[in-house]
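What follows is a short report on a single structure.
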Amino acid sequence: MVKEEEGIIIEIFENNIAKVKVGRHNECKNCGACPGDSSVVIEAKNPIGAKTGQRISFQMKETNMLMAAFVVYIAPLVSVVIGIIVGQVIAKKLGYSMRGFQIGGGIITFVLSMLSIKKFDRYAHNNDKMQPVITQIIS
């Protein structure tokens, strides 16, 4: 499913990418993860040649938004729980206190999940299928 949004182009790059200022909607206001209270700036493919200052409409795939939300919010929590369990199992096998190993396992897997988020961000930024696409010029 594709989600249609509107925004204003604030900058054009030479590789057909545009920086678009997008007004935040209810989902964004409830989340609060992005800085600022009224708009977000994204990069979108500009195949129609829109210019700076024009109001445009762009499309984003909802599956991409759900996958990004999972990677950023759910995956770190799951990895911390797995790290705690693995730390507990290791502590039992070695005969040490579990608490320290649980904390260490949770911290290690949390750091690893942050690194995987950075890797996913680079992948998403370089993957044409995951980037928003400008579809029409409104004004």
Side-chain angles (χ1 to χ4, degrees):
M1 200 161 167
V2 177
K3 186 170 188 167
E4 192 84 21
E5 294 283 336
E6 292 182 7
I8 298 173
I9 296 181
I10 56 174
E11 189 177 351
I12 301 287
F13 298 111
E14 50 198 52
N15 54 354
N16 247 5
I17 301 292
K19 251 188 192 178
V20 180
K21 183 178 177 182
V22 182
R24 293 173 68 175
H25 42 79
N26 287 338
E27 290 90 12
C28 284
K29 290 177 184 170
N30 292 336
C31 170
C34 299
D37 59 352
S38 61
S39 64
V40 176
V41 176
I42 64 161
E43 290 183 2
K45 292 192 294 185
N46 185 14
I48 62 172
K51 307 284 185 228
T52 303
Q54 290 182 319
R55 185 163 192 76
I56 52 93
S57 176
F58 65 94
Q59 292 182 343
M60 299 174 73
K61 291 184 180 176
E62 284 190 13
T63 54
N64 294 342
M65 292 171 33
L66 289 173
M67 182 173 31
F70 176 80
V71 168
V72 171
Y73 296 111
I74 305 301
L77 292 174
V78 170
S79 69
V80 167
V81 170
I82 290 171
I84 290 169
I85 293 169
V86 168
Q88 181 177 346
V89 169
I90 291 172
K92 279 184 182 178
K93 286 191 178 200
L94 296 177
Y96 288 107
S97 170
M98 281 192 272
R99 183 159 296 157
F101 277 82
Q102 288 174 326
I103 292 170
I107 289 171
I108 290 169
T109 54
F110 181 75
V111 169
L112 291 174
S113 71
M114 291 298 112
L115 294 174
S116 68
I117 288 172
K118 288 293 267 183
K119 187 175 181 178
F120 175 78
D121 184 46
R122 271 188 257 122
Y123 165 76
H125 186 72
N126 294 328
N127 186 346
D128 284 343
K129 293 179 182 178
M130 293 193 72
Q131 288 189 341
V133 179
I134 297 173
T135 55
Q136 72 182 65
I137 299 169
I138 297 172
S139 63

Following the transitive rule for hydrophobic clusters with a side-chain heavy-atom cut-off under 4.5 Å over Ile, Leu, Val, Met, Phe, Trp and Tyr, establish whether [X] and [Y] coincide in one cluster.
{"X": "I12", "Y": "F58", "answer": "yes"}
{"X": "V81", "Y": "I107", "answer": "no"}
{"X": "L112", "Y": "V80", "answer": "no"}
{"X": "V20", "Y": "I137", "answer": "yes"}
{"X": "I138", "Y": "I9", "answer": "no"}

Keeping the roles fixed (side chain from N126, backbone from R122), state whether a donor-acceptor pair exists under 3.5 Å. yes
Distance-only, no hydrogens or angles: does the T109 side chain make a donor-acceptor pair with backbone N or O of S79 under 3.5 Å? yes
[Y] and [X], any side-chain heavy atoms less than 4.5 Å apart:
{"X": "I90", "Y": "Y96", "value": "no"}
{"X": "K92", "Y": "M98", "value": "yes"}
{"X": "I10", "Y": "V41", "value": "yes"}

For the [atom1] atom of [X] and the [atom2] atom of [Y], what is their distance to the nearest 0.5 Å?
{"X": "N16", "Y": "I134", "atom1": "CG", "atom2": "CD1", "value": "9.0 Å"}
{"X": "K129", "Y": "K45", "atom1": "NZ", "atom2": "NZ", "value": "10.0 Å"}
{"X": "M67", "Y": "K61", "atom1": "CE", "atom2": "NZ", "value": "9.5 Å"}
{"X": "I103", "Y": "I84", "atom1": "CD1", "atom2": "CD1", "value": "8.5 Å"}

Does the side chain of S57 pick up a donor-acceptor pair with the side chain of E4 at under 3.5 Å? yes
Counting only heavy atoms not in F120, do more than 12 fall under 6.0 Å of its CZ? yes
Heavy-atom neighbours of R99 CZ exceed 12 at 6.0 Å: no
